[in-house]
S.K.: 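Handing you this structure, nothing more for now.
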Amino acid sequence: MTKIKLQTYNIAQHGISVEEISPSARVIITQLLDEGFEAYIVGGAVRDLLLGMHPKDFDIVTNATPEQIKHVFKKDCRIIGRRFKLAHVYHNRELFEVATYRGKAENVKHKAVKGHIISDNVYGNIEEDATRRDFSCNALYFDIENGNILDYCGGVEDIQKSKLRFIGDNDSIRIIEDPVRLIRAIRFQAKLGLQMTEEMQQAFLKEYKTISNVSLIRLFDELVKLFHCGNAVDAYRLLNQFKIFPYIFPHASDAITYNDNNMQFIQNALKSTDARIKHGKSVTPIFLFACFLWPLLELKAEHIQKKSNYEKYTIATNEIFEMCRHKITIPKIIQIGIRNIWMLQLRFDVIRGKKVFATLENPRFRAAYDFLLLRKGESKHIQKLCDWWTHIQTLSKTKQRELILPKRRQKKR
Ligand code: ATP
Ligand code: MG
């Protein structure tokens, strides 16, 4: 049993003022309090504020059941989820997750044979809720009425020491219960600089294969969140350190580590993703997944004989998606995007004739061109193509025509 000892920190001790909490979240909490329920800001928002960061959302927890929450907020509330039932409450067009205190893990009835929790709608009190959370830094409750932080698991002290620690005394069980925690831990270390404890690292190396118990689409979503956390370089390093990346993408991982060029290519892709996020530019999972699987595509295409390059890529692409399917669900729309980026790499070889215009006008041109730039180190030929496609974009339409089309055709156009 996890020992519980409540420590309360007031504003003078923790330094977060109530004004730093989203006004809409405060309205929702106040409404719940007015109805006689308990309600707090919980989890990531309190943690991020303590770390001096801007929370991306404000999660709320209460002793009201989802049905009671629905009763309070009526049409502004929707109950979602099966595994964990929770309420989505809208205020001023903003969405807030309002969860009900979870009860003791021992009371959870639906565990799969492998130990992961498949249904968990047992409600409890705040203390029980705290022990059901994943890391001490995520089990902090902010009371907007008096500005106090309630800390049942030593999270404030851990944050002060930059420590990422599982709640409870058996890290392996916490991973087995919900293996997504492996990826969450890596995200919190990469994004927030919190260091995993030694015990956690040992447990990771022992239990990394449990990741296969996570639903394949949830795994994709969590990986996307991880790689878009702003520190994809560290995220990738940690995923490899704990054998998770090679476990999910065995063939792609072999292809990446096959030579230094490929490894450098991936590093460049990760760095470019981080730089885009830092500068507030948009990112898409299509790009990064196209990068992760690219060395494998090249390797596979090389081994297909007596086919055009286009056919080789098509066959290899189909094979790759089929191979991935067993370990992770890459949504169809993402697969289409990846395929487009790859096929455009072949189109970049064509630098004469009308097809050049079609390439420039392709909706995926920008992403495919950025992808090409990352491949610069591949060969002299690719380097030349990078320069050529960079140059052509700087020219006026007339100059582009002069460069691309034979003299006769230029007149006709
Ligand atoms: P961020 O919002 O930055 O992704 P977060 O910690 O708020 O981080 P959420 O997914 O929003 O992550 O979850 C809110 C809270 O719910 C967490 O802080 C944690 O207390 C709890 N939680 C989320 N996922 C899990 C999990 N897999 N196991 C246990 N508790 C979890
Ligand atoms: Mg959150």
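All ligand and atom numbering here is 1-based and tracks the order in the structure. Small disclaimer: the values here were computed from a predicted structure and weren't measured.
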S.K.: Any idea which protein heavy atom is nearest atom 24 (N) of ligand 1, and the distance to it?
M.R.: Arg184 CZ, 3.2 Å
S.K.: Using heavy atoms and a threshold below 4.0 Å, how should the contact between Arg187 and ligand 1 be classified: side chain, backbone, both, or neither?
M.R.: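 The side chain, only.
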S.K.: If you have a sec, work out which protein heavy atom is nearest atom 15 (C) of ligand 1 and how many Å separate them, to one decimal?
M.R.: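 Looking only at protein heavy atoms, the one closest to atom 15 (C) of ligand 1 is Arg133 NH1, 3.5 Å.
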S.K.: What atoms in ligand 1 come closer than 4.0 Å to a heavy atom of Gly44?
M.R.: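 Here the atoms of ligand 1 in question are 5 (P), 6 (O), 7 (O), 18 (O).
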S.K.: Hey, is Phe166 touching ligand 1 through its side chain, its backbone, both or neither, going by heavy atoms under 4.0 Å?
M.R.: neither
S.K.: Between Tyr101 and Glu38, does any side-chain donor sit less than 3.5 Å from a side-chain acceptor?
M.R.: yes
S.K.: Examine distances only and state if a side-chain atom of His14 and a backbone atom of Ile16 form a donor-acceptor pair shorter than 3.5 Å.
M.R.: yes
S.K.: Does the side chain of Gln393 come under 3.5 Å of the side chain of Arg366 through a donor N or O and an acceptor N or O?
M.R.: yes
S.K.: Looking only at distance, does Gly43 have an N or O less than 3.5 Å from an N or O of ligand 1?
M.R.: no
S.K.: When you measure from the centre of the six-membered ring of Phe249, is the NZ or CZ of Lys327 closer than 6.0 Å and no more than 45° off the axis?
M.R.: no
S.K.: Quick check: closest heavy atoms across His91 and Ser24, and the distance to 0.1 Å?
M.R.: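 Minimum heavy-atom contact is ND1-OG, 3.2 Å.
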S.K.: Could you work out, for atom 27 (N) of ligand 1, the closest of Leu192, Asp178, Asp129 by heavy-atom distance?
M.R.: Asp178
S.K.: Which protein non-hydrogen atom lies closest to atom 11 (O) of ligand 1, naming both residue and atom, and how far is it?
M.R.: Asp59 OD2, 3.1 Å
S.K.: Side chains of Asn318 and Arg339: do they bring a donor and an acceptor to under 3.5 Å?
M.R.: yes
S.K.: Tell me: protein heavy atom nearest atom 30 (N) of ligand 1, and distance?
M.R.: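 Nearest protein contact, heavy atoms only, for atom 30 (N) of ligand 1 is Asp134 N, 3.3 Å.
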S.K.: Can you check whether Val233's main-chain N or O pairs, donor with acceptor, with Asp274's side chain at less than 3.5 Å?
M.R.: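 Such a contact is found between Asp274 side chain and Val233 backbone.
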S.K.: Which option wins on minimum heavy-atom distance to atom 28 (N) of ligand 1: Arg181, Arg218, Glu97?
M.R.: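 Of the listed residues, Arg181 has the closest heavy atom.
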S.K.: So, Asn268 and Gln264: side-chain donor and acceptor under 3.5 Å apart, yes or no?
M.R.: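 Yes, side-chain donor-acceptor contact under 3.5 Å.
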S.K.: Check Asp59 and report its N/O/S atom nearest to the Mg ion (ligand 2), by atom name.
M.R.: OD2
S.K.: Name the closest protein heavy atom to atom 1 (P) of ligand 1, giving the residue it belongs to and the distance to 0.1 Å.
M.R.: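 So the nearest neighbour among protein heavy atoms is Lys56 NZ, 3.4 Å.
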S.K.: Check ligand 1 against Phe188 and write out every atom of the ligand that is under 4.0 Å from a heavy-atom position of the residue.
M.R.: 6 (O), 8 (O)
S.K.: Does the N or O separation between Arg47 and ligand 1 drop below 3.5 Å for any pair?
M.R.: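 N/O-N/O distance below 3.5 Å exists for this pair.
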S.K.: What part of Val42, side chain, backbone, both or neither, has a heavy atom within less than 4.0 angstrom of ligand 1?
M.R.: neither
S.K.: Just checking, is any N or O donor in the side chain of Asp349 or His381 under 3.5 Å from an acceptor N or O on the other one?
M.R.: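 Looking only at side-chain atoms, His381 and Asp349 do form a donor-acceptor pair, the distance falling under 3.5 Å.
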S.K.: Among Phe371, Phe292, Tyr258, find the one that has a ring-ring contact (aromatic ring centres under 6.0 Å, His included) with Phe265.
M.R.: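 One option only clears the test, and that one is Phe371.
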S.K.: So which of the N, O or S atoms of Asp57 lies nearest the Mg ion (ligand 2)?
M.R.: OD1
